[in-house]
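Here the structure comes first, spelled out in structure tokens, and everything after it is commentary.
Each chain gets a letter, A, B and so on, in the order the sequences are listed, and its residues count up from 1.
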Amino acid sequence: MQIIVLIKQVPEMDRVKFDSEKGVIDRKSAGVEINPFDLNALETAVQIKEKVGGEIIALTMGPPRAEKTLREAIARGADRGILLSDGKFAGADTRSTSFTLAHAIKKIGPFDLVIAGEMTVDGDTAQVGPQTAEYLDIPHISYVTCLDEITALSLTVTCNIWDGSYRKRLHLPGLITVTKDINFPRLPELKNKMRAREVEIPRWDFSTLSDVLSPEDTGLKGSPTQVKKITIPPPVERKGQVFSAEEMEKALAAIEKICREKQISGGQS
Amino acid sequence: MTQQDYKGLMVIAEQKDGTIHPVAFELLGKARKLVEKDPQEIMALVLGPESLNTKALIERGADKVFHVAGEIFNHPDELICKENIIPLLREIKPAIVLIGATTFGRSLAPRLAAALDTGLTADCTDLQIDEDGKLVQIRPAFTENILAHIKTKTFPQMATIRYREFSRPDPDPEKKGEIIIREPSVKEQNRVEVLEKIAREEINIAEAEVVVAGGRGVKNAGDFARLKELAQVLGGTIGASRDVVDAGFISKAHQVGYSGHRVKPRLYIACGISGAPQHKAGMKESETIIAINTDPSAPIFSIADIGIVGDWYEVIPRLLEIFKEKTD
Ligand SMILES: Cc1cc2nc3c(=O)[nH]c(=O)nc-3n(C[C@H](O)[C@H](O)[C@H](O)COP(=O)(O)OP(=O)(O)OC[C@H]3O[C@@H](n4cnc5c(N)ncnc54)[C@H](O)[C@@H]3O)c2cc1C
Ligand SMILES: Nc1ncnc2c1ncn2[C@@H]1O[C@H](COP(=O)(O)O)[C@@H](O)[C@H]1O
């Protein structure tokens with residue numbers, strides 16, 4: 001099975017510092033890592049390959065340093081990586097990102113399955129997966145939590161949709177987006193690590209795709225949504241009474257009072 | 001095509017088992033407010049069985065409802081919905097399309113936007129119309145630290161909007177409107193099969209009125225039972241921080257936060273939760289927040305209405321007593 005995994009490099013969100021005056025994150029304050037959900041996407045691909053064989057290609061669009069992400073993907077089980085990198089790709093929204101990714105995927109050649117993470121921790125839209133599927137004209141299933149059955153022609157999965165879990169079958173070629181629940185990503189293996197260090201990562205720039213993409217389709221130009229302004233949300237006003245352990249009775253009385261005011265009482269919902 | 005060719009505001013309503021998801025009503029209420037100054041037609045589009053109560057959409061603010069009627073919409077099938085929605089959107093040409101950011105909405109909307117090759121803003125928490133009549137879509141970014149104000153240069157301008165962000169308008173039984181019933185234009189697709197619903201404990205934490213949540217200050221799975229007892233007495237549900245979900249004390253369905261559920265209950269009781277930004281992102285809009293933590297410097301206290309610097313193992317039994325008495 002020919003599997004393409006979509007991977008994005010993101011700032012380390014639990015370390016990154018935030019300048020709340022300017023409303024920007026200080027990208028230098030923290031390193032970068034693979035979007036955590038994309039590790040689940042990659043692990044899903046590795047498990048499928050272990051069952052039915054095939055090849056895993058990790059694809060990322062990002063600045064030149066995102067090459068590191070692809071090396072890590074190879075260390076974790078991808079066979080090869082492709083980096084889409086060009087100033088003309090920069091500033092892309094989800095439309096522009098998925099449009100570019102879809103055309104790169106077509107250029108890679110015939111494939112059976114595309115796997116994306118459920119969302120990115122910096123973009124947090126969960127849109128790139130389904131949008132890429134639409135631009136590729138293939139079906140997709142979002143929020144996949146379990147792989148139930150894999151054949152050469154279809155994938156049977158469990159996914160979160162509506163307010164429950166449903167079992168669905170995807171006829172290939174298709175795309176899935178996976179949640180964190182689907183698996184525990186394994187650590188890089190030593191032999192893969194060595195290969196990852198040495199392997200050549202092809203870098204595709206705009207000219208590689210210029211037969212299928214126009215400059216109006218990519219990067220900032222190809223982005224219909226544009227951020228006009230950034231504001232800082234006002235802090236939520238709270239009563240903010242804090243009691244010490246010795247003041248327990250007072251605290252309990254305050255809780256009783258607030259629940260009475262808000263008409264929250266036992267047994268009610 | 002220019003801005004003039006696109007008119008009106010369309011809410012795509014989600015339905016399940018013949019019931020319309022309430023986020024659609026919230027969006028209609030917001031839509032009415034958006035067009036107050038510069039009136040525009042408000043439309044709703046829903047795909048579902050014939051028995052669907054589409055009048056409810058009129059009563060909440062729609063001037064016109066398009067109802068694509070058929071039993072084929074009884075399963076969560078984004079592809080069949082997309083196939084039926086796209087021709088309608090091309091025909092009606094609304095200037096604005098709003099969709100609830102439920103799991104289904106977040107899976108369907110990007111397909112629709114890509115099929116129309118227009119922009120889509122995810123998970124908005126507010127909407128405005130600017131002086132040029134364009135939609136300003138406001139969404140939190142970077143773990144809710146900032147609000148991005150986004151405009152779309154293509155049409156329709158599409159956005160998904162969080163559930164429970166806007167208040168639900170009361171139905172107005174006098175409100176008049178037109179209901180247009182359509183046959184599905186595409187009756188089947190064979191690329192994704194919906195096989196079955198998997199039965200499991202249904203907890204709908206996003207809609208709970210009371211959430212009693214535990215974090216790493218809760219030492220084991222068994223201790224969660226104590227929180228559960230209080231939650232039950234209060235008619236609520238239990239919540240958890242990511243760390244205890246990862247530790248396996250409780251299922252992911254209970255996780256509150258950035259990568260879990262966003263909740264907005266009337267009362268949130270946080271026990272042994274430090275209040276990391278990623279946790280706060282999911283609960284800081286709760287109406288009332290009570291925090292119990294042994295560490296006086298825990299950030300959770302900064303957003304609490306009432307905080308107790310203490311051991312929840314001591315506080316919770318007392319609360320239980322108080323609220324149990326109330327029910328008796
Ligand atoms: C991309 C990303 C996404 C994330 N998503 C989420 C998410 O969705 N939800 C989420 O919750 N986290 C999320 N996190 C993790 C988050 O950063 C924190 O690690 C987590 O919220 C901390 O959980 P905690 O408060 O339970 O644990 P801790 O931070 O360890 O806090 C435990 C607290 O319990 C107190 N305590 C200990 N014993 C007692 C006692 N007996 N009585 C009272 N208090 C006691 C301690 O003083 C301490 O403050 C995410 C992180 C990242 C990077
Ligand atoms: N620049 C990118 N390059 C490759 N894959 C991406 C990129 N951006 C997003 N993705 C994929 O799309 C998923 C959803 O991203 P998002 O829509 O940004 O939340 C991610 O988990 C990745 O699998």
Donor-acceptor pair, distance only, cut-off 3.5 Å: does the side chain of A:Lys168 make one with the backbone of B:Asp77? no
Got a donor-acceptor contact below 3.5 angstrom from the B:Thr103 side chain to the A:Trp162 backbone?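 Checked: pair present.
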Once rounded to the nearest 0.5 Å, what's the spacing between atom [atom1] of [X] and atom [atom2] of [Y]?
X        : Y        : atom1 : atom2 : value
B:Ser251 : A:Asp181 : OG    : CG    : 8.5 Å
B:Thr152 : A:Asp93  : OG1   : CG    : 8.5 Å
B:Phe104 : A:Ser142 : CZ    : OG    : 10.5 Å
B:Leu234 : A:Cys259 : CG    : SG    : 7.0 Å

Identify which of [options] forms the greatest number of heavy-atom pairs closer than 4.5 Å to chain A.
options                                : value
B:Ala114, B:Pro140, B:Pro296           : B:Ala114
B:Asp123, B:Ile289, B:Leu79, B:Val136  : B:Ile289
B:Ala122, B:Gly119, B:Gly307           : B:Gly307
B:Asn190, B:Ile292, B:Thr288           : B:Thr288
B:Gln137, B:Gln157, B:His21, B:His75   : B:His75
B:Ile269, B:Ile150, B:Val309, B:Leu195 : B:Leu195

Where does B:Val245 contact chain A at under 4.5 Å (heavy atoms): side chain, backbone, both or neither?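 When you check distances to chain A, no heavy atom of B:Val245 falls under 4.5 Å.
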Please classify the contact between B:Ala141 and chain A as side chain, backbone, both or neither, with a heavy-atom cut-off of under 4.5 Å. neither
Could you check whether any side-chain heavy atom of [X] comes within less than 4.5 Å of a side-chain heavy atom of [Y], counting everything from C-beta outward?
X        : Y        : answer
A:Arg95  : B:Thr154 : no
A:Gln241 : B:Asp305 : no
A:Tyr166 : B:Val194 : yes
B:Arg106 : A:Tyr143 : yes
A:Ile161 : B:Ser107 : yes
A:Val242 : B:Ile308 : no
B:Leu147 : A:Ile230 : no

Take atom CD of B:Glu188 as the centre, draw a 6.0 Å sphere, and report whether it contains more than 12 heavy atoms from other residues, nucleotides or ligands. no
Answer yes or no: are there more than 12 heavy-atom neighbours, outside A:Lys250 itself, under 6.0 Å from its atom NZ?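 Counting other residues, nucleotides and ligands, NZ of A:Lys250 stays at 12 neighbours or fewer.
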With respect to chain B, which residue among [options] yields the maximal number of heavy-atom pairs within a distance under 4.5 Å?
options                                : answer
A:Thr225, A:Thr231, A:Ile138, A:Val128 : A:Thr231
A:Glu247, A:His140, A:Glu256, A:Met119 : A:His140
A:Pro130, A:Ser244, A:Ala245, A:Gly174 : A:Pro130
A:Lys228, A:Glu134, A:Met248           : A:Glu134

Cationic N near anionic O, under 4.0 Å, A:Arg169 to B:Glu196: no
Might you point out which heavy atoms bring [X] and [Y] nearest each other, and give the distance in Å?
X        : Y        : answer
B:Thr121 : A:Gln127 : C-OE1, 3.8 Å
B:Arg139 : A:Thr125 : NH1-CG2, 3.9 Å
A:Gln131 : B:Leu120 : NE2-CB, 4.4 Å

Identified side-chain hydrogen bond (donor to acceptor under 3.5 Å, both in side chains) counterpart of A:His171 within the set B:Arg191, B:Gln189, B:Glu193: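 Going through B:Arg191, B:Gln189, B:Glu193 one by one, the side-chain hydrogen bond (donor to acceptor under 3.5 Å, both in side chains) with A:His171 is satisfied by B:Glu193 alone.
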Between [X] and chain B, with a heavy-atom cut-off of 4.5 Å, which part of the residue counts as in contact: side chain, backbone, both or neither?
X        : value
A:Thr156 : side chain
A:Asp124 : both
A:Ile141 : side chain

Using the rule given for side-chain contact (heavy atoms from CB on, under 4.5 Å), can you reason through A:Ile258 versus B:Ile306, listing the C-alpha separation, both sets of side-chain angles and the distance that settles it, and then say yes or no? CA-CA 9 Å; A:Ile258 205 162; B:Ile306 297 177; 4.0 Å; yes
Intermediate values then yes/no, side-chain contact (heavy atoms from CB on, under 4.5 Å), B:Tyr258 and A:Val121: CA-CA 9 Å; B:Tyr258 184 55; A:Val121 295; 4.1 Å; yes
Run the side-chain contact (heavy atoms from CB on, under 4.5 Å) test on B:Lys151 and A:Lys229 for me, step by step, so that the C-alpha distance in whole Å, both residues' side-chain angles and the decisive distance to 0.1 Å come before the verdict. CA-CA 10 Å; B:Lys151 286 209 248 178; A:Lys229 186 166 85 173; over 6 Å; no
